[in-house]
Amino acid sequence: MIFQIILLIMLAYVVGFIYFGLYRNITARIQGRYGPTVYQSFYDSIKLFSKNNTVSYGWMFYLGPVIMATGAVLTLVLVPVFSDSDFLRSVTSQGNLFVLLYLMVLGPLGNALAVGTGGNPFGVMGVVRGLTRLIGLELPFYIAVVGLIIAANSSDIVHIIDVQKTAGLNIINHPLLFIGAMISMVGFFGASPFDIPGAPQEVYSGPRTEFSGKFLALLMSQGSLFAFAKLVLIVDLFLGGADSLVMLVLKTFTIFVAIIFIGIVYGRYKVEQAVDFLMKLPTLIAVLGLARIVWFG
Amino acid sequence: MESGFYGSSLDGNLKCKFEESGLANTHEIMEKAVRWFRSRSIFVVAYGTGCGAIEMPPTFTSRYDAERMGVVGVATPRQADLIILSGYLAYKTLRRVIRTYEQMQKPRYIMTLGSCPINGGMYWDSYNTIKKLDDYLPIDVSVTGCMPRPEAVIDGFVLLQERIRNGEKAGWEKYDENFEFYKENQKRVLGGHIDPSYETDWYNLKSGGKA
Amino acid sequence: MDLASKLEKLSLELVQKQDYLYSVTIDFERLESLLLSFLNEFGYITLDSINCRDDLEDGFFTITYCLQTEERDHVVMIQTKIQRENASLPTMHTIWPQAEIMEREMHEMFGVDFPGHPTLIDFALEYWDNMPPLRRDFDTLEYVNSMNPFREQRNDALDAKEEMKKKREAKKAAKLKAQQEAEAKAALEAQNNPSDEVKNEE
């Protein structure tokens with residue numbers, strides 16, 4: 001079981017970093033430049049791990065990235081990776097969707113504690129922006145998840161995957177829920193138009209402003225792990241899971257590319273604009289999808 | 001490999017451990033690998049002083065695209081490896097630059113653009129501008145020209161990458177070794193007020209600006 | 001123009017510099033009241049800038065207030081002279097808020113004092129303890145040389161004039177040599193087959 005968890009983390013690390021390399025590369029190609037190599041995120045991560053760290057704001061500051069990484073790893077471990085086999089599904093049966101939704105918020109809260117200790121005004125601004133945005137982001141996603149739970153009559157992700165095998169994929173059966181969840185997923189990935197917390201031209205790096213060297217590397221690593229976990233979660237919930245590694249990469253990559261393209265096309269919202277938008281259109285779509293499930297099955 | 005490669009505190013311990021266990025060779029290989037990764041990933045904080053700041057946007061955007069070599073701009077000195085000083089430095093600017101440089105984490109490098117940081121350039125007789133930046137901060141790469149084109153800046157990046165890869169003695173090591181020398185020079189010009197004081201109350205300037 | 005006649009009542013002369021630009025010279029005692037009457041009576045409501053010129057030889061500063069009408073069609077420069085030693089001016093920041101920062105700059109660069117000014121602190125310079133740098137008795141070159149000595153000349157630096165001379169001489173010598181060689185070659189060829197030479201001459 002330990003072996004499987006380690007294997008899963010390694011897989012997520014590699015896939016997540018290659019996805020982020022691809023993200024930078026595809027962005028570069030769309031902007032008409034050559035762009036970095038696919039492995040650029042690896043280079044950055046290893047370099048950052050080899051840097052010195054002389055910044056100290058007390059133990060809570062150091063604990064923040066660790067709490068974020070904990071949230072990411074727990075989320076990753078609780079999401080079933082493959083639909084058919086029990087491989088890499090070590091502790092999945094211990095949790096369900098509700099636990100996952102709690103764990104997804106753990107990271108931002110840990111970050112808020114650490115950044116508050118650091119006292120950098122840009123970091124605090126970034127955290128406040130991030131938490132404000134989270135109010136808007138969670139609403140459509142939670143409604144979509146509630147809809148899926150009602151439809152499958154279970155909060156177990158494995159059960160939701162199994163239901164999709166007989167009744168058809170959720171993306172076809174409940175497209176409104178998928179649209180609502182996807183819009184908030186764009187925000188969860190920190191892509192435009194919802195890249196408010198770390199907006200480079202406004203609040204420098206936002207919450208990451210004061211983190212350097214190894215802690216920045218840890219934040220980057222947990223980011224890629226978390227991204228992979230979220231992609232697998234979306235695939236499990238709406239695309240019926242993946243029965244092999246090829247299908248897993250194919251499906252997650254499709255979702256990922258869609259998010260990249262959305263992120264490149266749009267500019268950045270202001271905080272209140274983003275919350276306003278998320279509270280209106282995606283929430284409305286998700287509520288319509290929920291109503292359809294409740295009244296028409 | 002005399003240089004403090006893992007940063008000053010770690011290097012000695014690690015090297016001793018490796019040598020005790022008869023793996024001195026491994027240490028060298030690791031150093032080489034880490035050096036290579038460092039050369040491939042340079043985070044830049046672009047401190048735009050003077051006219052050279054205008055050469056930075058084309059260097060980092062679509063036209064010349066420094067990102068293909070792993071050179072990326074970051075927003076804060078905490079995350080940066082390289083600081084680019086792109087022109088003349090007034091005393092007031094020098095204070096901020098020293099502060100910024102000392103906030104960066106080791107290993108850290110400095111690159112200057114233009115002739116002003118080398119010999120004062122066209123501001124050689126200004127009452128408020130320094131002439132030789134290398135008296136106050138260790139420079140790793142000077143890209144000359146007035147102003148250097150983005151091709152020259154990229155050439156400077158390539159030179160810096162080669163130096164990192166070859167393990168040449170970097171500026172931050174010289175800064176640590178000759179700390180007294182640099183601090184003395186800084187004090188001579190800046191009159192002891194090296195940091196901008198925290199005492200200025202920017203929100204209540206009318207009461208005399210003192211908090 | 002009625003402004004000229006209004007000023008004539010105050011026994012002041014309006015000089016036209018360009019078709020929109022006028023200047024008035026006034027003594028220091030009446031400066032403040034004139035500025036106020038320009039603002040309140042003549043309609044010149046905007047203060048563009050306050051400038052200072054150092055007339056070292058005559059021993060005074062020439063201060064120029066540039067005022068502009070609301071329609072932005074006329075500018076009047078009001079000039080006055082003050083002593084260089086312990087120079088002092090009335091502050092105008094209560095009437096024009098923008099005067100605060102202009103006066104702050106003048107205080108820093110020329111050492112002009114403004115009694116009652118709230119923020120006479122550093123403007124562009126920091127911790128400056130020397131003479132104000134734009135006063136003409138401040139020896140900039142000496143100050144610069146004492147603070148920032150020149151970089152020592154490199155040992156391999158060469159005298160450009162001599163180098164160019166050498167280059168030119170070398171070029172000349174090479175040319176001469178080539179010419180001589182060509183002549184010798186031609187002479188040799190002429191010796192070997194004289195018929196060619198005859199043909200060429202034809």
Side-chain angles (χ1 to χ4, degrees), chain A residues 17 20-21 23-57 61 115 118 120-123 125-126 197-217 219-220, chain B residues 4-11 14 30-46 57-82 102-109 150 154 161 164-165 170 172-173 176 202:
Chain A
F17 264 130
F20 267 89
Y23 172 77
R24 288 168 73 174
N25 208 319
I26 292 171
T27 314
R29 293 299 166 93
I30 290 171
Q31 290 171 352
R33 54 196 171 93
Y34 190 77
T37 59
V38 177
Y39 312 109
Q40 185 63 46
S41 298
F42 278 115
Y43 303 162
D44 290 349
S45 154
I46 292 172
K47 180 211 66 178
L48 285 172
F49 270 122
S50 80
K51 277 198 95 160
N52 242 4
N53 203 339
T54 53
V55 189
S56 169
Y57 294 103
F61 185 72
V115 171
N120 190 310
F122 294 114
M125 274 161 71
Q201 292 86 7
E202 296 171 28
V203 285
Y204 299 93
S205 293
R208 290 184 180 185
T209 304
E210 204 58 29
F211 288 103
S212 58
K214 296 177 177 72
F215 296 100
L216 190 62
L219 285 176
M220 277 176 68
Chain B
F5 200 77
Y6 290 93
S8 45
S9 60
L10 266 174
D11 178 47
L14 250 182
M30 260 176 74
E31 264 189 0
K32 254 186 194 168
V34 172
R35 273 207 304 261
W36 191 83
F37 283 119
R38 274 181 187 168
S39 77
R40 280 294 310 187
S41 159
I42 296 177
F43 286 3
V44 179
V45 57
T59 312
F60 287 103
T61 49
S62 297
R63 178 79 191 200
Y64 292 98
D65 188 25
E67 200 183 357
R68 71 199 140 93
M69 301 182 304
V71 180
V72 193
V74 290
T76 76
R78 291 276 187 229
Q79 305 167 1
D81 307 305
L82 173 68
E102 287 176 355
Q103 278 181 9
M104 286 161 67
Q105 303 297 306
K106 295 164 193 173
R108 53 194 179 191
Y109 308 96
I154 286 177
Q161 284 180 334
I164 297 173
R165 215 170 291 157
W172 60 273
E173 288 162 294
D176 285 356
W202 296 104

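In the text below, chain A, chain B and the rest are named by the order of the sequence lines, each starting its count at 1. As the structure is a prediction and not an experimental result, all values here were calculated from the model.
Ranked by heavy-atom pairs under 4.5 Å with chain A, the first of B:Gln105, B:Arg68, B:Met69, B:Met104 is B:Gln105.
Ion pairing between a basic and an acidic side chain is recognised when a charged N comes within 4.0 Å of a carboxylate O; A:Arg24 and A:Asp44 show such pairing.
For A:Lys51 and A:Phe215, the positive end is not near the middle of the six-membered ring at less than 6.0 Å and at most 45° from its axis.
When heavy atoms are compared at a cutoff of 4.5 Å, B:Ala80 approaches chain A solely by way of its backbone atoms N, CA, C and O. Heavy atoms of B:Val72 lying under 4.5 Å from chain A belong exclusively to its side chain. With a threshold of 4.5 angstrom between heavy atoms, A:Arg208 approaches chain B through its backbone and through its side chain. Both the backbone and the side chain of B:Phe43 come within contact range of chain A, judged by heavy atoms closer than 4.5 Å. Contacts between A:Gln40 and chain B at a heavy-atom distance below 4.5 Å involve the side chain alone, from C-beta outward.
Shown here is A:Tyr204, whose OH atom has no more than 12 heavy atoms of other residues, nucleotides or ligands within 6.0 Å.
Side-chain contact check for A:Ser50 and B:Arg38: at least one donor-acceptor pair (N or O, by modelled atom type) lies under 3.5 Å.
In this structure, A:Phe17 has its ring center at least 6.0 angstrom away from the ring center of A:Tyr39.
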